[in-house]
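Counting convention: from 1, in listed order, for ligands and their atoms alike. In what follows, every heavy atom counts, from backbone to side chain, and hydrogens, waters and symmetry copies are set aside.
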Amino acid sequence: MKAVIILPTYNEKGNVERLITILEEEIFPKIKNYEMYILVADDNSPDGTADEVRKLMKKWKNIDLNLGEKHGLGAAYVRAMDWAIKEMNADIVFEMDADLSHDPTKIPLFLKKIDEGFDMVIGTRYSGGGSIPKNWGISRKIQSVVGNLVVRSILMRFWVHDWTGGFRALRKEVFLKEKDELTAFRGYTFQVSFLHKAIRDGFKVAEIPFHFLDRTLGRSKIVPREYIIDLLKYVITARFWELVRSPFLKYAITGFIGYLINAISLEIFSEFFKLAPFFAAAFSAELSIIWNFIVNNFWAFGKYKITSPWKVLLKFPQFNLVSFGSLLIIATVVFLGTYIFGNTTFVRQISLIIAIGFFVIPYSYSMYNIFIWKRWHISYLSKLQEKLG
Ligand SMILES: Nc1nc2c(ncn2[C@@H]2O[C@H](COP(=O)(O)OP(=O)(O)OP(=O)(O)O)[C@@H](O)[C@H]2O)c(=O)[nH]1
Ligand SMILES: [Mg+2]
């Protein structure tokens, strides 16, 4: 198997010479089961980085140079990965900063994870003993830590700790699958969007902790303002569309209509059929449960729909049981609310909203996903979490 380490460079003349020497002399000789190559992706750096690389290419034959216009880090990576896979026949490509911030001694560990079957391995500064430089100013530290926390929370994937870093290894299949969607992200947002899309598509991700070292030569290319705005734009829109496309919104709409059915039929059963309140409430609740079951089955969870009559006979009572749980939650919260704050319309309605918004929705949505339509596989999630520490 062939692995190509891609080093994106913009004015990294001194650094690239030091890093390539370390890779060639200290790291590659220790790796036995991969053919190791280096590809420098330079955007015509005015400091002559490319000439420096050409000199090194005379000394070592496993180095290639890919030149292009400067359109940001993401664009350089897309261009270089394409080149590494098509022209150099890479099976695995690495992303690695050229400024010696990324610890090259970890490279064999990345490859080990690939051997274990992971598709994408990411270096992490935020878990398992990884770290950011102590000498970073407070604003840089906050930017990095908070940035990652924001990304993790908005994307709701807490088990990946370092979203913005650029020390990674991936199988060529990951790049080939996501490539067309990546060209829009030119700057650092590339890292977040690439990882996010890979996880979305079910590629297996592992993390390797490392100590990030501050660069000692050359200048940082980050433009913080642009970076933060781009990043927020990406994670918010990506999450929005994920929610719209996920069953959640359909489930919420179905539930809301179910509530209206419950409320209206309660009045009809009471006023027209003159049923006693207990029966009117029970029948109207059951109507709404039947509505929820059918519409969720064919719409919100349509991909996982239950069609065989036997299964429906089995699932419908389970669904009622889950709904009974919701009923108990509402009854308890409304009881507590009115017990503490008095039995007024205001307290009842607020209690109802709190019960539904904070308890019934998370409860019933998880129950549907886990037990009824089995969209979430809990054992798989916990295994994954275990692996990632
Ligand atoms: N080809 C190319 N490389 C880039 C571009 N922007 C940054 N890089 C390279 O990407 C790597 C990471 O960029 P840095 O500026 O070091 O970003 P950083 O590591 O987050 O920030 P520092 O800690 O300040 O170094 C370095 O090797 C840069 O030379 C670009 O537009 N084109
Ligand atoms: Mg750097």
Side-chain angles (χ1 to χ4, degrees), residues 4-23 38-54 56 63-84 93-104 106-107 122-126 130-148 151 162-168 182-192 194-195 210-228 230-231:
V4 176
I5 312 247
I6 297 174
L7 306 174
T9 53
Y10 195 73
N11 291 342
E12 305 284 5
K13 190 175 169 182
N15 284 321
V16 85
E17 192 263 338
R18 284 161 67 189
L19 178 57
I20 288 180
T21 308
I22 295 174
L23 288 173
I38 294 170
L39 173 62
V40 178
D42 185 59
D43 292 357
N44 295 311
S45 304
D47 74 343
T49 302
D51 287 333
E52 184 62 47
V53 175
R54 285 190 191 98
L56 298 165
I63 305 174
D64 205 345
L65 178 62
N66 177 260
L67 293 173
E69 305 252 311
K70 184 161 168 34
H71 293 299
L73 184 63
Y77 265 128
V78 171
R79 185 186 79 217
M81 286 187 188
D82 222 25
W83 179 270
V93 289
F94 274 78
E95 292 180 15
M96 189 173 186
D97 286 0
D99 57 3
L100 296 143
S101 288
H102 294 158
D103 178 0
K106 301 286 180 199
I107 289 173
I122 57 176
T124 172
R125 298 161 289 177
Y126 301 109
S131 67
I132 53 177
K134 295 213 171 26
N135 63 328
W136 267 4
I138 190 78
S139 73
R140 177 95 204 251
K141 273 186 186 154
I142 290 176
Q143 185 189 313
S144 184
V145 173
V146 174
N148 264 288
V151 173
D162 195 338
W163 285 84
T164 50
F167 192 14
R168 298 173 172 182
L182 291 178
T183 46
F185 306 104
R186 293 175 173 251
Y188 292 81
T189 311
F190 166 80
Q191 303 293 11
V192 175
F194 193 4
L195 180 55
F210 76 100
H211 299 289
F212 187 97
L213 297 180
D214 213 2
R215 59 161 73 241
T216 51
L217 279 181
R219 270 211 229 126
S220 175
K221 280 101 208 166
I222 287 187
V223 189
R225 244 180 73 89
E226 191 184 300
Y227 177 33
I228 293 167
D230 269 14
L231 197 67

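- Of the possible polar contacts, none joining the Ser144 side chain to the Arg140 backbone as a donor-acceptor pair under 3.5 Å is found.
- With respect to atom 20 (O) of ligand 1, the closest heavy atom belonging to the protein is Ile222 CD1, 3.4 Å.
- For ligand 1, the polar-atom distance check against Tyr10 finds a nitrogen or oxygen pair separated by under 3.5 Å.
- Near Glu12, meaning under 4.0 Å from one of its heavy atoms, ligand 1 places the atoms 26 (C), 27 (O), 28 (C), 29 (O).
- Remark: ligand 1 atoms within the under-4.0 Å shell around heavy atoms of Ser220 are 15 (O), 21 (O), 22 (P), 24 (O).
- Nearest heavy atom pair, residue Leu231 against residue Thr189, reads N-OG1, 3.7 Å.
- Here the closest heavy-atom approach between residue Ile228 and residue Gln143 is recorded as CD1-CG, 4.4 Å.
- Using a distance-only test at 3.5 Å, with no hydrogens or angles considered, a donor-acceptor pair links the side chain of Arg215 to the main chain of Arg219.
- For atom 11 (C) of ligand 1, the closest non-hydrogen atom of the protein is Asp97 OD1, 3.5 Å.
- For atom 1 (N) of ligand 1, the closest heavy atom belonging to the protein is Ala41 O, 3.0 Å.
- Side-chain atoms of Glu17 and Leu56, non-hydrogen and from C-beta on, do get closer than 4.5 Å to each other.
- Nearest protein neighbour of atom 9 (C) of ligand 1, counting heavy atoms only, is Pro8 O, 3.5 Å.
- In this model, a donor atom of one side chain and an acceptor atom of the other lie less than 3.5 Å apart for Arg79 and Asn66.
- Of all N, O or S atoms in Asp99, the one lying closest to the Mg ion (ligand 2) is OD2.
- Counting only heavy atoms of the protein, atom 32 (N) of ligand 1 lies nearest to Asp43 OD2, 2.6 Å.
- Every N/O-N/O distance between Ala76 and ligand 1 stays at or above 3.5 Å.
- The contact set between ligand 1 and Gly72, taken as ligand atoms under 4.0 Å from a residue heavy atom, comprises 30 (C), 31 (O).
- Close approach of ligand 1 to Lys70 (heavy-atom distance below 4.0 Å) involves ligand atoms 30 (C), 31 (O).
- Taking the six-membered ring where tryptophan is involved, the planes of Phe210 and His102 are perpendicular, since the angle between them exceeds 60° and thus also 30°.
- Among protein heavy atoms, the minimum distance from atom 13 (O) of ligand 1 is reached at Tyr188 OH, 3.5 Å.
- Geometrically, Lys70 engages Tyr10 in a cation-pi contact defined by less than 6.0 Å to the ring centre and at most 45° from the axis.
- The shortest N or O to N or O distance between Phe212 and ligand 1 is not below 3.5 Å.
- Across all non-hydrogen atoms, the minimal contact from Ala98 to Pro8 is CB-O, 3.6 Å.
- Across the listed options Val16, Ile6, Leu73, Leu73 owns the non-hydrogen atom lying nearest to atom 10 (O) of ligand 1.
- Each of Asp64, Ile20, Ile5 was compared with Val40 under the side-chain contact (heavy atoms from CB on, under 4.5 Å) criterion, and only Ile20 meets it.
- Under a 4.0 Å criterion applied to the non-hydrogen atoms of Asp99, ligand 1 contributes the atoms 16 (O), 19 (O), 25 (O).
- At a threshold of 4.5 Å between non-hydrogen side-chain atoms, the residues Asp99 and Leu217 do not count as touching.
- Protein heavy atom nearest atom 6 (N) of ligand 1, with residue, atom name and distance: Lys221 CB, 3.9 Å.
- Annotation: atom 14 (P) of ligand 1 to nearest protein heavy atom, Arg215 NH2, 3.5 Å.
- Looking at ligand 1, you won't find any N or O of Ser101 less than 3.5 Å from one of its N or O atoms.
- The heavy atom nearest to atom 18 (P) of ligand 1, considering only Arg140, His71, Arg219, His102, is found in Arg140.
- In this structure a side-chain-to-backbone donor-acceptor pair under 3.5 Å is present from Ser101 to Leu213.
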